[in-house]
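First the proteins, then the strands, lettered A, B, ... as listed; each starts at 1.
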Amino acid sequence: MTSAALDPDVLISWFDATARDLPWRRPECTPWGVLVSEIMLQQTPVARVEPVWHEWLRRWPTPSALAAASQAEVLRAWGKLGYPRRALRLHAAATAIAEHHGDAVPSDVDTLLALPGIGAYTARAVAAFAYGRRCPVVDTNVRRVVARAVHGAGDAGPPSTTRDLADVEALLPADEADAARYSAAVMELGQVVCTARSPRCVDCPVLDGCAWHRNGRPAYNGPAKPVQKFAGTDRQVRGLLLDVLRDSSGPVVRARLDAVWADAGQRDRCLDSLLVDGLVEQTDDGRFALPGDH
DNA sequence: TACTCGTGGGA
DNA sequence: TTCCCAAGAGT
């Protein structure tokens with residue numbers, strides 16, 4: 001007789017005993033603080049988010065406070081977290097919350113989903129972690145842990161929101177308070193123990209229920225995951241262009257931007273895309289600036 | 001569905 | 001050094 005995979009009692013006890021003390025997990029953290037953390041943590045490690053999160057919550061403790069800031073201020077405060085479109089979407093979400101939701105972060109998944117920058121993961125993470133709602137929270141860690149412990153695979157296959165949510169819904173404790181704690185515990189397990197590269201099975205609290213371990217830890221045999229290149233891509237060039245504008249106190253002349261990348265064709269394409277994305281604006285005299293920074 | 005969108009640290 | 005990847009969303 002083997003234990004069921006991902007036993008809630010065991011995982012929640014393990015989480016209570018070992019969870020990292022992150023500021024957005026503290027009881028005094030507001031739903032707004034949780035939302036800001038979730039957006040910042042999208043594809044971005046905890047260590048880089050923490051200092052920026054503190055600064056944001058100090059400057060903008062409510063959605064309406066952020067909504068009152070300019071886009072340029074917000075982009076500078078975002079710093080080098082990466083994917084700066086997230087900052088503009090968070091600003092837009094804050095504006096919507098201030099105008100249409102009485103300055104209170106919604107607790108309902110569908111209402112959250114309607115806000116910019118909030119997708120299947122973030123909507124449920126906010127509902128669960130800020131409001132204790134019982135809903136499946138599925139991020140890359142949860143997908144990997146479930147793939148191993150439940151399905152005995154080396155890693156998760158391609159994401160499918162519908163299937164992934166149903167998978168986790170089946171594991172979720174019935175009790176509302178336990179459900180949110182359980183989701184946090186499974187995520188934490190994936191982050192610190194059941195990691196992508198070298199899982200620390202010796203430290204795993206639910207090893208005896210793990211199908212992957214029981215099967216002898218077979219290698220992942222699903223479709224190859226596309227590798228993210230960076231050097232030489234438009235993402236790198238956009239980052240370099242935006243870095244110039246973040247560091248300047250106002251509009252800059254074209255030549256300043258031309259200096260960051262030799263390939264004029266790629267440079268122009270990237271600058272155009274930044275204008276389209278609303279991350280850059282052109283002034284009447286032909287210079288370039290962060291939105292609102294002139 | 002597959003691809004794009006930043007950045008930096010660790011294996 | 002190179003490569004992988006880290007609490008996804010939007011199109």
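Aromatic ring centres of A/W60 and A/W32: separated by at least 6.0 Å.
Distances shown here put a side-chain N or O of A/R144 below 4.0 Å from the OP1 or OP2 atom of C/dA6. Remark: A/R197 is not in phosphate contact with B/dG10, judged by side-chain N or O atoms under 4.0 Å from OP1 or OP2. Residue A/S198 has no polar side-chain atom (N or O) positioned under 4.0 Å from OP1 or OP2 of B/dA11.
In this structure, of B/dG6, C/dA9, C/dA6, it is C/dA9 that holds the atom nearest to the side chain of A/T122. Nearest nucleotide to the A/T44 side chain, out of C/dA6, B/dG6, C/dA9: B/dG6.
Comparing A/T233 and A/T161 by the nucleotide of DNA chain B that holds the closest heavy atom to each, the one mapping nearer the 5' end is A/T161. Taking the nucleotide of DNA chain B with the nearest heavy atom to each of A/L81 and A/S160, the more 5' of the two is matched to A/S160. Checking A/I118 against A/E38, the closest nucleotide of DNA chain C that is more toward the 5' end is the one next to A/E38.
For the pairing with A/L90, the side-chain contact (heavy atoms from CB on, under 4.5 Å) check across A/I118, A/L66, A/V74, A/T95 returns one residue only, A/L66. Among the candidates A/R76, A/E73, A/E281, the single residue satisfying the side-chain contact (heavy atoms from CB on, under 4.5 Å) test with A/D293 is A/R76.
Here C/dA6 presents its C1' atom at 13 Å from CG of A/D155, a figure rounded to the nearest Å. Remark: P of C/dC3 and NZ of A/K225 are 19 Å apart, rounded to the nearest angstrom. For the pair A/L240 CG and B/dG8 P, the computed distance is 10 Å after rounding to whole Å. In this structure, CZ of A/R48 is placed 10 Å from P of B/dG10, rounded to the nearest angstrom. For the pair A/Y121 OH and C/dA9 P, the interatomic distance rounds to 8 Å; values are reported in whole Å. The CD-C1' distance, from A/Q42 to C/dA6, rounds to 12 Å in whole Å. Rounded to an integer number of Å, the gap from CG of A/D243 to C1' of B/dG6 is 11 Å. As a whole-Å value, the separation of A/L90 CG from B/dG6 C1' is 17 Å.
For the 3.5 Å distance criterion, the side chains of A/S64 and A/T62 qualify, holding a donor opposite an acceptor. In the model, A/T195 has no side-chain atom that pairs as donor or acceptor with a side-chain atom of A/R200 under 3.5 Å.
Distance noted for atom P between C/dA7 and B/dG10: 15 Å (whole Å).
Look at A/Y83 and the base of B/dG6; the rings stack, centres closer than 5.5 Å and planes less than 30° apart.
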What N/O pairs connect the protein and nucleotides 2-4 of chain B at under 3.5 Å? Give each pair on its own line.
none

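Using a 4.0 Å heavy-atom cutoff across all strands shown, A/W24 reaches at least one base atom of the nucleic acid. Within the 4.0 angstrom heavy-atom criterion, only backbone atoms of the sugar-phosphate kind lie near A/A196; the bases stay farther away. A/A47 comes within 4.0 angstrom of no nucleic acid atom, judged by non-hydrogen atoms across all strands. A/G119 comes within 4.0 angstrom of the backbone, heavy atoms only, and of no base. Within the 4.0 angstrom heavy-atom criterion, base atoms lie near A/L22. Residue contacts shown for A/R269 are absent, as no nucleic acid heavy atom lies under 4.0 Å away. Among the protein residues, A/V227 comes within range of the sugar-phosphate backbone only, with heavy atoms under 4.0 Å from sugar or phosphate atoms but none that close to a base.
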Walk me through whether A/R86 and A/Q43 qualify under side-chain hydrogen bond (donor to acceptor under 3.5 Å, both in side chains). CA-CA 11 Å; A/R86 288 183 295 168; A/Q43 301 286 284; over 6 Å; no
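Heavy atoms of other residues, nucleotides or ligands lying less than 6.0 angstrom from CZ of A/R256 number 12 at most. Sparse packing is recorded around CZ of A/R26, with 12 or fewer heavy atoms of other residues, nucleotides or ligands lying under 6.0 Å away.
Put simply, the side chain of A/T140 and the base of C/dG8 share no donor and acceptor less than 3.5 Å apart. Checked by distance alone, A/Q191 brings no side-chain donor or acceptor within 3.5 Å of a matching partner on the base of C/dA6.
In this structure the side chain of A/L112 never reaches within 4.5 angstrom of the side chain of A/T122, judged on heavy atoms.
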